[in-house]
Protein chains: 2
Amino acid sequence: MSANSRLTIAAHALAWIGLYQRQGHEVATSEQIATSANTNPVVIRRLLGELRRAGLVQSRRGVGAGWSLARELESMTLLDVYEAVESGPLFAMHRTTPDQGCVVGHGIQPAMQGIYEGIEETLRHELARVTLENVLRDVLAAPR
Amino acid sequence: MSANSRLTIAAHALAWIGLYQRQGHEVATSEQIATSANTNPVVIRRLLGELRRAGLVQSRRGVGAGWSLARELESMTLLDVYEAVESGPLFAMHRTTPDQGCVVGHGIQPAMQGIYEGIEETLRHELARVTLENVLRDVLAAPR
DNA sequence: CGCAGTCGTAACAGCAAAGGTTGCAACAGA
DNA sequence: TCTGTTGCAACCTTTGCTGTTACGACTGCG
């Protein structure tokens with residue numbers, strides 16, 4: 001499906017900021033998060049920018065700048081993160097319009113549309129069941 | 001997410017073959033299906049080849065060649081089709097290993113792995129609820 | 001006021017996957 | 001033998017993700 005890692009990295013960043021704040025720090029830098037996720041700070045800033053637009057994090061500029069949570073981890077779900085960083089449907093329709101003169105070509109898109117909507121609704125429901133607090137707890141529960 | 005249309009096109013092809021056979025024809029050609037789906041016959045042959053490997057369709061070669069269903073549409077689900085034409089997980093992990101010296105970097109992958117597995121199981125369950133017979137019925141039910 | 005550290009963002013390259021296209025060998029029925 | 005179709009390789013284009021560099025904007029501090 002050519003899956004991407006945006007949801008994973010975003011969850012990683014949020015868990016990292018949340019834990020860091022619980023350790024008494026005010027803000028986390030994209031540099032620190034990028035080191036933990038083993039990627040480039042710009043990648044982190046881009047993703048966190050999308051999370052900020054969704055109201056999940058805040059950023060400060062200038063010296064001592066960085067990122068902080070805009071809400072508690074308990075109140076954020078993977079659905080919030082998913083909707084912030086992923087766009088578009090899970091399954092795509094035909095790239096070109098099917099033959100409308102054919103019974104199947106005519107009816108296939110509404111049929112699949114209805115089916116896909118139900119499936120995506122279920123997916124959203126599942127994502128909404130997991131909070132970032134759950135994620136952080138699972139992270140800390142990993143055997144070392 | 002950069003969704004693709006493979007599941008849609010595969011369902012289209014199966015519905016087309018199923019309907020065509022009910023109209024009394026033995027086999028359908030990739031040319032006919034491609035016309036209905038408004039794409040290239042090779043694209044259809046590639047997809048149907050994967051469905052054949054999964055035991056959903058058969059092909060005949062030579063003159064009068066073409067494709068036919070290997071089972072009834074009632075016995076095929078979207079999960080069968082999905083597993084035949086899609087590979088890999090819905091959500092990807094980090095492209096590079098996160099910093100194992102960091103608590104979050106160390107625990108994030110097992111944590112997300114567990115969460116993603118549950119979600120994908122739910123997705124498979126949803127896909128398994130829809131048969132290709134359901135799809136064809138929905139297709140034929142579309143207002144013209 | 002200027003310095004320093006960090007964000008914000010544009011620009012570009014590399015890579016992978018999907019989809020489209022062409023070409024041709026293999027096959028099998030007439 | 002001829003013909004229509006599959007099987008499949010090869011190649012191209014497009015798209016999206018990821019990584020990287022570069023640099024302006026911002027702001028606390030000395």
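Per chain, numbering begins at 1; letters A, B, ... match sequence-line order. Keep in mind that the numbers below use all heavy atoms, side chains included, and drop hydrogens, waters and symmetry copies.
Note that the first and last nucleotides of DNA chain C, 5' to 3', having any atom under 4.0 angstrom from a heavy atom of chain B are C:dA18 to C:dG29.
For the residue pair B:Y82 / B:T77, no side-chain donor-acceptor distance below 3.5 Å is found, with atom types taken as modelled.
Remark: A:R22 engages A:E133 in a salt bridge, criterion side-chain N to carboxylate O under 4.0 Å. Salt bridge annotation for B:E50-B:R53: absent, with no cationic side-chain nitrogen under 4.0 angstrom from a carboxylate oxygen.
Look at CD on B:E31: it is 9 Å from P on D:dT6, rounded to the nearest Å. Rounded to whole Å, atom P of D:dG16 lies 16 Å from atom CG of A:L47. Regarding A:N4, its CG atom lies at a distance of 15 Å from the C1' atom of D:dG19, rounded to whole Å. Counting to the nearest Å, the C1' atom of D:dC17 and the CD atom of A:E86 are 10 Å from each other. Rounded to whole Å, the distance from CH2 on A:W67 to C1' on D:dC26 is 14 Å. Atom CG of A:N38 is separated from atom P of D:dT20 by 9 Å (rounded to the nearest Å). Computed from coordinates, the B:Q32 CD to D:dT5 P distance equals 8 Å when rounded to whole Å. When the P atom of D:dT18 is taken as reference, atom CZ of A:R46 falls 9 Å away, rounded to whole Å.
Judged by distance alone, the side chain of A:R6 and the main-chain N or O of A:V85 form a donor-acceptor pair under 3.5 Å. Judged purely by atom type and a 3.5 angstrom limit, B:E31 has no side-chain atom pairing as donor or acceptor with the backbone of B:P41. In this structure, the side chain of B:T29 engages the main chain of B:Q32 through a donor-acceptor pair within 3.5 Å.
The residue A:R45 sits close to a base: some heavy atom pair falls under 4.0 Å. When heavy atoms are screened at a 4.0 angstrom cut-off, A:R60 is found touching the sugar-phosphate backbone but no base atom. Residue A:G64 is classed as having no contact, given no heavy-atom separation below 4.0 Å to the nucleic acid.
Toward the 5' end of DNA chain C, the nearer of the two residues A:G49 and A:G62, judged by each one's closest nucleotide, is A:G62. Comparing B:V42 and B:R95 against DNA chain D, the residue whose closest nucleotide sits nearer the 5' end is B:V42.
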Step-by-step side-chain contact (heavy atoms from CB on, under 4.5 Å) determination, A:E74 to A:T131: CA-CA 6 Å; A:E74 289 90 358; A:T131 68; 5.6 Å; no
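One finds no side-chain N or O of A:N40 lying less than 4.0 angstrom from the OP1 or OP2 phosphate oxygen of D:dG19. Phosphate proximity of D:dT5 to B:T29: absent, as no side-chain N or O sits under 4.0 Å from OP1 or OP2.
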